[in-house]
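One-based numbering, in listed order, for ligands and for the atoms of each. Side-chain atoms are counted along with the backbone in the values below, which use heavy atoms only and exclude waters and symmetry mates. Nothing fancy with the numbering, it's 1 onward along the sequence.
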Amino acid sequence: MLKQVLEQGREAADAALERLLPPATQHPTSIHQAMRHSVFAGGKRLRPILCMEAGRMIRAASVAGIQAGPPAGSLPAGIEKVGAALEMLHTYSLIHDDLPALDNDDLRRGRPTCHKAFGEATAILAGDALQTQAYEVLAQIDCPAEARVEIIREIAHATGTIDGMIGGQVVDLEAEHKKPDLATLEYIHRSKTAALITASVVSGGMYAGAMYTGATSADIGRLRIYGQSIGLAFQIVDDVLDLTQTSEQLGKTAGKDTAAEKATYPALFGIEESIRKADALVDQACAQLDEYGTAASTLKDLAHYLVERKK
Ligand code: IPE
Ligand code: IPE
Ligand code: MG
Ligand code: MG
Ligand code: MG
């Protein structure tokens, strides 16, 4: 069941990205080739999938009443465009994360990183271009204008400097070669990774709420806590996988965090305790969704998948 959700979600996200990104033949071709090189390199598409499944759950709840949501209704129409925009922003963050000035990585999603394949200048611009393209797409999503603006604000804030992705990346770099304290480590992980994951879930809920009978602020609050918990668990697991998997398995260079003396959960707590913490966060996340009954089963399965994954 989850395998099907992951596969169909990936296909829906890929098809939307294919439609919404400029073709590789579009002038100036070098930048469009670079954007596509990084986007279509076999990412898991977790952020679009979380967005779409949060939308599906809120739609089911709003159709049938919270207590008795049907198992899995259809996706809110057009929600894959929100997912595609989230994936553009995520891929932009990866291209810049890999640059020599940041993590200096040669391998990403099983391919040479964008700057290795196209040079640093083009890679910087490809990241910038994916960011602007994401907002052009978001400006044209199908939900009512008020919700569209709210979704744009939510996602922009989550990728910004205040408790958002860029803020987290700044502190991640500043914390290299230092023994991290827990507060700094949590700030880094919640900001650089959990913020965009949270925005993915919340924007999916907002979209479905605006398209159908309305998500309450309690619905959005529950999705936000679910997103924050799985987002932190996701980065803890990313840190563990960096230590326990091969580069071939990950499609990115393993063992990089130790080499760069990054602030990670395993560095502070060891691998086993880190995994326990990730599991506890997933339990917390799932508890938030109990009131949605069977309509929440896919989001709960996804939460478990995020910590059980091997890449
Ligand atoms: C990697 O994200 C970067 C982090 C935030 C840890 P993913 O593990 O979702 O990478 P892709 O999209 O599948 O390549
Ligand atoms: C990356 O964290 C987070 C963002 C890209 C915002 P990492 O530096 O741990 O991600 P990987 O391991 O390179 O994918
Ligand atoms: Mg990094
Ligand atoms: Mg990195
Ligand atoms: Mg990592």
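Annotation: Asp97 places an N or O atom under 3.5 Å from an N or O atom of ligand 2; distance criterion only. Where the criterion is an N or O separation shorter than 3.5 Å, residue side chain and backbone included, Asp105 fails it with respect to ligand 2. For ligand 2, the polar-atom distance check finds no N/O of Ser93 at less than 3.5 Å from any of the ligand's N/O atoms. Taking distance alone, with nitrogen or oxygen atoms compared against 3.5 Å, Thr193 stays at or beyond that limit from ligand 2. Of the N or O atoms in Lys192, one or more lie within a sub-3.5 Å distance of an N or O in ligand 2.
Within the coordination shell of the Mg ion (ligand 4), defined by N, O or S atoms under 2.8 Å, Asp97 is present.
Under the side chain to side chain donor-acceptor pair (under 3.5 Å) rule, Arg108 has a single partner from Thr113, Asp103, Asp98, which is Asp98. Paired with Glu87 under the rule salt bridge (Lys or Arg N to Asp or Glu O under 4.0 Å), one option of Arg45, Arg10, Arg47, Lys44 passes, and it is Arg45.
You'll find the side chain of Lys262 stays beyond 4.5 Å of the side chain of Asp242, heavy atoms only.
A salt bridge is absent between Glu150 and Arg153: the closest approach of a Lys/Arg side-chain nitrogen to an acidic carboxylate oxygen does not fall below 4.0 angstrom.
Comparing His189, Lys252, Arg109 against atom 12 (O) of ligand 2, the shortest heavy-atom distance belongs to Lys252. In this comparison of Arg108, Lys256, Met165, the heavy atom closest to atom 13 (O) of ligand 2 sits on Arg108.
The backbone N or O of Ile188 sits nowhere less than 3.5 Å from a side-chain atom of Ser191 that would complete a donor-acceptor pair. No donor-acceptor pair under 3.5 Å is formed between the side chain of Ser38 and the backbone N or O of Met35. Formation of a donor-acceptor pair under 3.5 Å by the Arg309 side chain with backbone atoms of Phe234 is found in this model. Judged by distance alone, the side chain of Thr198 and the main-chain N or O of Gln228 form a donor-acceptor pair under 3.5 Å. In this structure, Asp181 contributes its side chain and Ala183 its backbone to a donor-acceptor pair below 3.5 Å.
More than 12 heavy atoms of other residues, nucleotides or ligands lie within 6.0 Å of NZ in Lys256, so this atom counts as buried by the packing criterion.
Nearest protein heavy-atom neighbour of atom 8 (O) of ligand 2: Asp103 OD2, 2.7 Å. Closest to atom 4 (C) of ligand 2 among all protein heavy atoms lies Gln169 NE2, 3.6 Å.
Counting heavy atoms under 4.0 Å from ligand 2, residue Asp238 touches it through the side chain alone. When heavy-atom distances to ligand 2 are checked against a 4.0 Å cut-off, Asp239 has no atom that comes that close, whether in backbone or side chain.
Put simply, no part of Lys262 is less than 4.0 Å from ligand 2, judged by heavy atoms. Remark: distances from the non-hydrogen atoms of His90 to ligand 2 are all 4.0 Å or more.
Closest N/O/S atom of Asp103 to the Mg ion (ligand 4): OD2.
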